[in-house]
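These numbers were taken from a predicted model, which means no experiment stands behind them.
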Amino acid sequence: MPRLRVLAGTSLDALEPISVNTGKAHSVSSPLFEGKIVAYIKDFPDEKGNILSSEYFERPERKGATWSIQVQGVWALL
């Protein structure tokens, strides 16, 4: 069965799997950027096919949302 993998990193060669719908921020660090990434995907299944629900999508203002990728960080000035 096909499934979606969510990866994050500082380059295509440095991508790593990150958790989804946990609210756990994943650190990303390079000489040009230092920050964190969080991902939410509505009805996202884990490796065993269990749906990972999230309180994130229960809020009224997010009723129509199906995904959210949040990035917070600082760009280095050269």
A.B. asks: Identify the heavy atoms of Pro31 and Ala76 that sit nearest to each other, and give their distance.
C.D. replies: O-CB, 3.4 Å
A.B. asks: Can you pull the side chain to side chain donor-acceptor pair (under 3.5 Å) pairs that have at least one residue in residues 34-43, sequence neighbours excluded?
C.D. replies: Ser29-Glu34
A.B. asks: According to ring-ring contact (aromatic ring centres under 6.0 Å, His included), who are the partners of Phe57, at least two apart in sequence or on a separate chain?
C.D. replies: none
A.B. asks: Taking side-chain hydrogen bond (donor to acceptor under 3.5 Å, both in side chains) as the test, write out the residues that go with Glu58, two or more places apart.
C.D. replies: none
A.B. asks: Give me each pair satisfying salt bridge (Lys or Arg N to Asp or Glu O under 4.0 Å) with a member in residues 59-78, each pair once, sequence neighbours excluded.
C.D. replies: Arg59-Glu61
A.B. asks: If you link ILVMFWY side chains whenever their heavy atoms are less than 4.5 Å apart, which other residues fall into the same cluster as Ile41? By chain and number, please.
C.D. replies: Leu4, Val6, Ile18, Val20, Val28, Phe33, Ile37, Phe44, Leu52, Trp67, Ile69, Val71, Trp75
A.B. asks: Does Ser19 have any side-chain hydrogen bond (donor to acceptor under 3.5 Å, both in side chains) partners at least two apart in sequence or in another chain, and if so, which?
C.D. replies: Thr22, His26
A.B. asks: Is there a continuous path of hydrophobic side-chain contacts, each under 4.5 Å between heavy atoms, that joins Leu12 to Leu7?
C.D. replies: yes
